[in-house]
Amino acid sequence: MATQRPLSGSWFWKRYRPEVDDLQNLTLIPNVATHKPTIDEWSPCCAFPTETYVELKHAGHIPDPILGFNEHKVQWVAECDWLFACNFSLDEYEGLVQGKVRSEIFFEGLDTICDVYLNGKRVLSTDNMFDSYTLPITTPDSVSKSSNTLVLHFRSAKHYSKELEQQYGAVRAGSCNLGDPSRVYIRKAQYHYRWDWGPELISSGPWKPVLLRTFSTRIKEFESHAKVLDIESEKVALSILVDIEGKAAHSLDAILLDERGNIVRKETVTIASGEKGTVKLDWEFVSGEVKLWWPMSYGKTHLYMLRVTLLDKAANEIDKADRKIGFRRVELLQYPLLNAPGTTFCFRINGIKMFLGGSNWIPADCFLTTVTEGKYRSWLQLMKDGGQNCVRVWGGGIYESDAFYDICDELGILVWQDMAFACGVYPAHPSFVESVEGEVISNLKRLRHHPSLAILCGNNEDYLQIKMWGVEGGLPAAVLYEKVFPKLVEELVQPPIPYVFGSPYGGKGDDTSDPTVGDVHQWDIWAGAGAPYQDYDILGGRFISEFGVPSLPCLATMESYFADCDDTDQRHPQSQAIQQHTKAGSYERRFSTLMNENFRMTGDLESYMYLTQLMQSEALGYAYRVWRRKWGGEGREETSGILVWQLNDCWPVTSWAVCDYHLRCKPAYYAIAREMKTVTVGIQREVQKNRVNDRPRPFYEYGAFQSVSATIDVWASNLALSSEEVELELFAFDLKSDWTYKETRRLVLPPNASIDVLTGHPCPHGPISPGGMQVPHPSCSVAIGAFIRDREGRLLSQHIDWPQPYKFLRPCDPQVTVVLDGERLVVRVLAPVKGLVLSVPGGEDDVIWSDNCLDVVPDHPYEVTVKGLRGRAIYAAYLGRERALPLALSS
């Protein structure tokens, strides 16, 4: 029987010293029994797979690199070479000697420049973190039955990439905030070299399992392709290919099981004798035999277990393999629009066009071996709970673990997968292309069966480098993106899924910023032109695959910033500790522009944290709202998708993430969730000034320009596949008086589209003072609420539009009251409140809110669900009182 066992026990590590360590005569003698080993003596690994920083921290040789200023105290680690070693037995040694079995060592992932020694002999050299490697044990005299020593010598990736840079020449690789440009020469997670949200922690080590495989006959490769032949009848087909190595196989059993374990199809194939062979099965299923896999909100994620078992003549099991599969069809539609230039960038799944809303994903930790399946599930469940149906695996990280894609399959989250290239002018010399080709083949074979996989992309922002910085010599790696990758995708991925050369990519020539073709990364807000976030409506595109505004994380997470600071003076917005955990380029200047335009300045850290988070929430919520408005139905899909930068963090940091390193949701997370509901409503205000001006359009002005009138647009959006009869209530109120206005309308929302209800409508306001025009216009103190209810009166969506900028608001005490009934929390106010953030000090990780950062107005109670409260006090902060204080709780 074919077997494989992980070589996961009895691993040791140490620093490599060339003057002492003879790799061909290395003795693995741990000193743990007599004294604590130094870094130059063998120490037992605390876990496996593992990496250098994890082991050094566990052994107490370095402080935690993600706390305080410790990043700079551990930079020496990347300058060194490191050794990892283990002893293992080979129980099947006699069979190997007799030629009855074969053995091999399989390395799922080595990070990155590694020489492998088996019993003192160098037998393998690796240079690609993203590829797997197989070491055949070809001669019995190279191993023994009882004791074999496997040594992994990891060279300094930092030094190695600089050597390659000297050989091939220095190139441009993003801004100075994206790590040393030599990173482009090495096939390693690029974010390890530093990014504008992450530290420089260049790891090394066996970051994925090492397996000892022994077999006489085995399943060498198992391939499956699930095809949808007809959507309406759900007629599907399944192709199965099994490559067999060895002579003992007599038959192959193939079985497909549904989610309850019931047999859907089973077939046994007799295998012709021979050393190698391929078994191919083609199954077709008629209507009702299997069900299609659907993304979340559109149907169930039906998954089937496909299992193949290799049997000998006596029907004994020799080897087996299995995987979960789903049947779906995915298409990327790029066709001309009816009333707008350019083409769509629209995904159609199982014949249904879908509006995609979600996030970009970066690696979940600086230390990849610490990311568990449970942590992946927590992150992806957050996405689903927040209504996000698409995740983009960004090219500067890794091809994620199997668990990541399995969970996406289960939850119905579509995956946009970048190849592992980001923000650089990558080379294309023959050895590099050969290495990359092997990497992509390995990962396409690993990932292609996942029904959640919706699109493959050649790189992140590499084409943009040429446009932004005018790189001389072009983009050598274009041969990969435009020839090698599409060829491999076509050959290996069936049924076909979309492939694009890069992200962003579209327009003529090297113009990747054309909003009418392909996808765009919209960074003219925060970076680039430094436009106000209120311009998102005119700075969109057919599919916005990156955009964002950063904020500080919550106070509990910021404690990591101050871990080694006794000085209380560090606890202010412009301290060294804040700077250490804010890697974004020109962050103070960019923050100050957005913050000072919209909010009053503060030097109090808690207030500043609240305001940055409120600004991020307002900006991202607005972007989702106005871009979703452009999902206009058939032929009018002017925007078909929005992916915010970014979902997550890899350490405690001020960043664009909507949930911080500890999975603590920022207000922006809830803002996106509200805009990804099935039915939503939006209001947009435009203030007319008395002369041509350069001010944000929704702003009321009180200086060189004066506000003379205001108009509003109101729209509604319905992502359901059937029309919806609703009631729209518009409710306006003056923040300075008791004037109010109310109107209701019955609407029929068409399926899978957004419609305008009002355009250019005069903004409601109280009476104008006698004598004609009033300056500023009386709508300058009017807030407008839009509420959509279904036929039973249930609230589906609401949006409150406030007069801007917020810094001119003078909020009064809203007199917030909350009533708790089990997990149901009802919030009421006597005066309007903006950005009501509910929290439980000490409950950042176990109190779960269904919604937060609320806009609440009188006579319109707001209901949220809270789990895990357990009698603890609820605190509240809001615009005008940014420091949280306890609320009185009624029951």
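Treat the numbers as computed from the prediction; the structure is a model and nothing was measured.
- Relative to the six-membered ring of Phe222, Arg323 meets both conditions, a distance below 6.0 Å and an angle of at most 45° to the axis.
- Contacts classified as salt bridge (charged side-chain N to carboxylate O under 4.0 Å, His left out) and involving residues 485-502 (residues at least two apart or in different chains) are given here: Lys487-Glu491.
- Heavy-atom contacts from other residues, nucleotides or ligands closer than 6.0 Å to NZ of Lys375 number more than 12.
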Residues 105-118, side-chain donor-acceptor partners within the protein, below 3.5 Å, at least two apart:
from, atom 1, to, atom 2, distance (Å)
Asp111, OD1, Lys188, NZ, 2.6
Asp111, OD2, Lys188, NZ, 3.1
Asp111, OD2, Ser203, OG, 2.7
Asp115, OD1, Ser125, OG, 2.7

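- The side-chain hydrogen bond (donor to acceptor under 3.5 Å, both in side chains) test applied to Tyr53 returns no partner, not counting sequence neighbours.
- Remark: Arg218 engages Glu104, Glu245 in a salt bridge (Lys or Arg N to Asp or Glu O under 4.0 Å) (not counting sequence neighbours).
- A donor-acceptor pair is defined here as one N or O able to donate and one able to accept, closer than 3.5 Å; such a pair exists between the side chain of Ser378 and the backbone of Gly374.
- Taking the six-membered ring for Trp and thresholds of 30 and 60 degrees, Phe421 and Tyr426 have ring planes more than 60 degrees apart, a perpendicular arrangement.
- Within the structure, every pair that satisfies the salt bridge (charged side-chain N to carboxylate O under 4.0 Å, His left out) test and touches residues 304-315, not counting sequence neighbours, is listed here: Arg307-Asp322.
- Judged as a ring pair (Phe, Tyr, Trp, His ring centres under 6.0 Å), not a single pair has a partner in residues 246-272 (not counting sequence neighbours).
- Residues passing the salt bridge (Lys or Arg N to Asp or Glu O under 4.0 Å) test with Lys235 are Glu284, sequence neighbours excluded.
- Residues satisfying the ring-ring contact (aromatic ring centres under 6.0 Å, His included) test with Tyr505, not counting sequence neighbours, are Tyr463, Phe501.
- Under a cut-off of 6.0 angstrom, the local environment of CZ in Arg5 is crowded, with over 12 non-hydrogen atoms contributed by other residues, nucleotides or ligands.
- The list of salt bridge (charged side-chain N to carboxylate O under 4.0 Å, His left out) pairs with a residue in residues 83-96, not counting sequence neighbours, reads Glu94-Lys145.
- Take Glu434 and apply the salt bridge (Lys or Arg N to Asp or Glu O under 4.0 Å) test, not counting sequence neighbours, and it matches no residue.
- You'll find the ring centres of Phe48 and Trp11 inside the 6.0 Å limit.
- Judged as a side-chain hydrogen bond (donor to acceptor under 3.5 Å, both in side chains), the pairs with a partner in residues 147-156 (not counting sequence neighbours) are, in order, Asp81-His153, Asn87-Thr149, Asn119-Asn148, Arg155-Glu163.
- Applying the salt bridge (charged side-chain N to carboxylate O under 4.0 Å, His left out) rule to pairs touching residues 402-421 yields Arg377-Glu410, Arg392-Asp418, Asp402-Arg446, sequence neighbours excluded.
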